[in-house]
Structure formats: C-alpha cells, structure tokens
Amino acid sequence: PAQLRQILEAEQQGADDRARATRIQYGADEVEAAIANDELVNHYQPKVSVRSGEVVGVEALVRWQHPRDGLVYPDQFIAVAEQHGLIEGLTRQVLCGALRQCRQWHDRGLRLSVAVNLSMSSLVRLDFPEFVAAAAKNAGVDLSWLVLEVTESQLMHNPLTALDILTRLRLKNVTLSIDDFGTGHSSLSQLRDIPFNELKVDAGFVHNAVRDSARRAILEASLDMAHRLGMKSVAEGVENLADWQFLSRRHSCDIVQGYFISRPLPAESLNAWVADWDKRSTGLTGGRA
Ligand code: C2E
Ligand code: MG
Ligand code: MG
Ligand code: MG
C-alpha cells in the first residue's frame, strides 16, 4: 500500500515532468543491463467503453524500476533500445509479461484484453507471429484477448513485410490497432490495405477538443473514418470531465483512455481500481444498461 502510493505518485510526477525538461537519456549498456536484470515492469492503463463505462481492456506501458533513479519512463530508454538492437528483447519481455498477467486477471474474474506496443523491429521479423502464438499458448491466453498497437511511422520502413506480418497476426485472431493516429507520416492507403481492427486517435487531438475547432475537426473526422472502415475507435488523452462528456455525446467514439479514467497502474492494483471505477462510472454514464 505505501509502495503502491509511491508508484502512483511517481506516475503523477512523471507525467508532470514530461511537460518540462528534456530528461536524461540512458546509455545502451545501461538499458541492456536493465533488460537482463529484469528491472523493467509493465504498468497497465485501463480502456473503457464511453457508452457503458465498462472496462474492456488495458494497455501495457513499460517502466524501468531503476535502482537509483526510481521509476523511469519509456521516452528515456525506448529510443536507445531501438537504436542499439535491444528493442526486440524488450518487446518480447513486455509481451510475455502482459500475457501472463492477462491469464491471472482472467483467473480472478477480470475478463480484460491486453494491448502491447510494437516497434518497427517486430514488423520486419517473419518469425514474430509464431513467437506471439507460442507466448500466448505458454501463458494459456487465447489470442483474441491480445491487442497489438503499431504507429503509422513504424509501417513506413518496410511496408510489404509489415503487411505480411500483420496479416498473419490477424489470421491468428490478434486484434490490430493503429496508435497515435494523426501524428505519424501517414499513408492513408495503409488503412485500406492492413486489416486493422482499431484506430486510436492521438491525445493531441482529444484533450480540449471541445474548445479547439481544429482539433475537433481532426478528431471527429478520424473517429468517423474508423467507423466507416469497420474499426473500433479509441480516443487517447481523455484528461478531464469535459473531454469525457464531449466524447460520450459522439456516436462515433467507442473507447476512451486517459488520466481522467486512470493513470497507468501496477498490475496488482487493477482489481481494486475496477471495483472503485464501477461505482464512479455509474454517475458518468447515468447507470448501466
Ligand atoms: P502510447 O502507446 O501512445 O501510450 C500512451 C502514452 O500516453 C503513455 O505514456 C501514457 O502514460 C500517456 N497517457 C495516458 N493517458 C494520458 C492522458 O490523459 N494525457 C496525456 N497527456 N498522456 C496520457 P508512456 O507510458 O510514457 O509511454 C509513451 C510511449 O512509449 C507510448 O505511447 C509508446 O509509444 C511507448 N511505449 C510504452 N511502452 C512501450 C513498450 O512496451 N514497447 C514499445 N515499443 N514502446 C512503448
Ligand atoms: Mg500505445
Ligand atoms: Mg498512443
Ligand atoms: Mg505514443
């Protein structure tokens, strides 16, 4: 409990810091040691249905429990891991941890999907779909509970291989999600060619959309487009009641994620959070259907 409070304070502090200074970037050797020494932990941020308030899943977000510096955020080590060939090992650790955790939640009656963020490196490896299938089997989780999030820019480098890998994953019943939509070097034709199931509009178009007509235009067009392409739509960066209310009036928004609902949480606090959210969300949705 005291430790949990510390972690949540660190999440809060991390988010506050992010707006300010450019923080230190760790060296490749340090990141490599962190991976080898099991110092990375997954936190999980809830994704909820904006209509029913129901928690539909969580997104795994990696953190580094640094022995000296405390909780370190991905913007301080993911880029280094990508540049030094360490990201594939990191991704596989995060994925296996998320699947094991998913199994534990299911065993305790929490039927949640779990989303994992991919890097470009996974999208150039033809053995990746088989690795995913084996990891899920090992954890005892059906692949229909797994969501893989990719950004537009990760698809650009080797589009044909990425298409091949994502199609194989889709055929295994993995849910495919396009992340940070609107910010990458987008090629809209990829939305047509790749069998995405979910589109996540970047936080930059979501928070304060009610007061900013340019954001609102992009947000609404993206949500509508997702639906017209047969995808679920997700709004990231829901930070306050006004953001929530704005989206709950939009027929085109299915799922929301953001600090207003919850910060990313350590796995062990998910059960308690869900119980608390069930009470809080009744007031937001006007009771369950
Ligand atoms: P992302 O996948 O778009 O994840 C969402 C980020 O927005 C997370 O930051 C989350 O904590 C933050 N966020 C959540 N709610 C709000 C909100 O209401 N307002 C604002 N302003 N931000 C919010 P985080 O955890 O620092 O992760 C940053 C990025 O690092 C992620 O962006 C993702 O691209 C990357 N990342 C995180 N974990 C992994 C991982 O395991 N593997 C890879 N390859 N990348 C990861
Ligand atoms: Mg993501
Ligand atoms: Mg995102
Ligand atoms: Mg991002």
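Every heavy atom of this structure was used, including side-chain atoms; hydrogens, water molecules and symmetry mates were not. Atoms within a ligand are numbered from 1 in the order they appear, just like the ligands themselves.
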Show me the donor-acceptor pairs within less than 3.5 Å that the side chains of residues 163-171 make with the rest of the protein, sequence neighbours left out.
residue	atom	partner	partner atom	Å
Asp164	OD1	Arg168	NE	2.6
Asp164	OD1	Arg168	NH2	3.3
Asp164	OD2	Arg168	NH2	3.4
Thr167	OG1	Leu163	O	2.6
Arg170	NH1	Val174	O	2.7

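- Within the 4.0 Å heavy-atom criterion, neither part of Lys200 lies near ligand 1.
- Using a 4.0 Å cutoff on heavy atoms, Glu59 counts as a contact of ligand 1.
- In terms of distance to the Mg ion (ligand 2), the nearest N, O or S atom of Glu59 is named OE2.
- Separation of the Tyr44 and Trp273 ring centroids does not fall under the 6.0 Å cut-off.
- Inclusion of Ser119 in the set of residues having an N or O under 3.5 Å from an N or O of ligand 1 is warranted.
- Contacts with ligand 1 closer than 4.0 Å are made by heavy atoms of both the backbone and the side chain of Val62.
- Rounding to the nearest 0.5 Å gives a distance of 11.5 Å between CD1 of Ile255 and CG of Leu199.
- Using a non-hydrogen distance threshold of 4.0 Å, Val238 registers as a contact of ligand 1.
- Between the CG atom in Leu265 and the CG atom in Asn42 there is a gap of 13.0 Å [rounded to 0.5 Å].
- Here is the list of ligand 1 atoms found below 4.0 Å of a heavy atom in Gly237: 17 (C), 18 (O), 19 (N).
- The nearest non-hydrogen atom to atom 2 (O) of ligand 1, considering only Asn117, Asn42, Val94, comes from Asn117.
- When distances to the Mg ion (ligand 2) are checked against a cut-off of 2.8 Å, Asp180 contributes no N, O or S atom below that limit.
- Proximity to Gln45 (heavy-atom distance under 4.0 Å) selects the following atoms of ligand 1: 14 (C), 15 (N).
- Here Gln257 has no heavy atoms under 4.0 Å from ligand 1, in either its backbone or its side chain.
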| query | Stepwise, does the side chain to side chain donor-acceptor pair (under 3.5 Å) test hold for Glu152 with Gln190? | reply | CA-CA 8 Å; Glu152 297 163 87; Gln190 278 163 344; over 6 Å; no
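- For ligand 1, the atoms sitting less than 4.0 Å from at least one non-hydrogen atom of Gly258 are 15 (N), 18 (O), numbered in the order shown with element in parentheses.
- Arg108 CZ: more than 12 foreign heavy atoms inside a 6.0 Å radius.
- Paired with Lys47 under the rule side-chain hydrogen bond (donor to acceptor under 3.5 Å, both in side chains), one option of Gln257, Glu198, Glu236 passes, and it is Glu198.
- Rounded to 10°, the angle formed at the Mg ion (ligand 3) by OE1 of Glu236 and OD1 of Asp179 is 100°.
- Ligand 1 has no N or O atom lying under 3.5 Å from any N or O atom of Ala60, backbone or side chain.
- For Glu149, the nearest N, O or S atom to the Mg ion (ligand 2) falls under 2.8 Å.
- Within the 2.8 Å limit, Asn117 places at least one N, O or S atom next to the Mg ion (ligand 2).
- Not a single heavy atom of His207 lies less than 4.0 angstrom from ligand 1.
- Not one N, O or S atom of Asp202 sits under 2.8 Å from the Mg ion (ligand 3).
- Using a 4.0 Å heavy-atom cutoff, Asp75 is absent from the residues neighbouring ligand 1.
- One finds a salt bridge joining Lys200 and Glu59 here, because a Lys/Arg side-chain nitrogen approaches an Asp/Glu carboxylate oxygen to under 4.0 Å.
- The pair Arg125-Glu130 fails the salt-bridge criterion, with no side-chain N (NZ, NE, NH1 or NH2) lying under 4.0 Å from an Asp/Glu carboxylate O.
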With a cut-off of 3.5 Å and sequence neighbours excluded, list every side-chain donor-acceptor pair involving residues 218-226.
residue	atom	partner	partner atom	Å
Glu220	OE2	Arg250	NE	2.4
Glu220	OE2	Arg250	NH2	3.0
Ser222	OG	Ile218	O	2.7
Asp224	OD1	Ser252	OG	3.3

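- Side-chain rings of Tyr73 and Trp64 stay apart, their centers remaining 6.0 Å or farther from each other.
- In terms of hydrophobic clustering, with Ile, Leu, Val, Met, Phe, Trp and Tyr side chains grouped at heavy-atom distances under 4.5 Å, Val238 and Val56 are assigned to different clusters.
- Proximity of a side-chain donor or acceptor of Arg103 to a complementary backbone N or O of Ala139 within less than 3.5 Å is not detected.
- Using a 4.0 Å heavy-atom cutoff, Pro264 is listed among the residues neighbouring ligand 1.
- Ligand 1 has no nitrogen or oxygen under 3.5 angstrom from a nitrogen or oxygen of Thr91.
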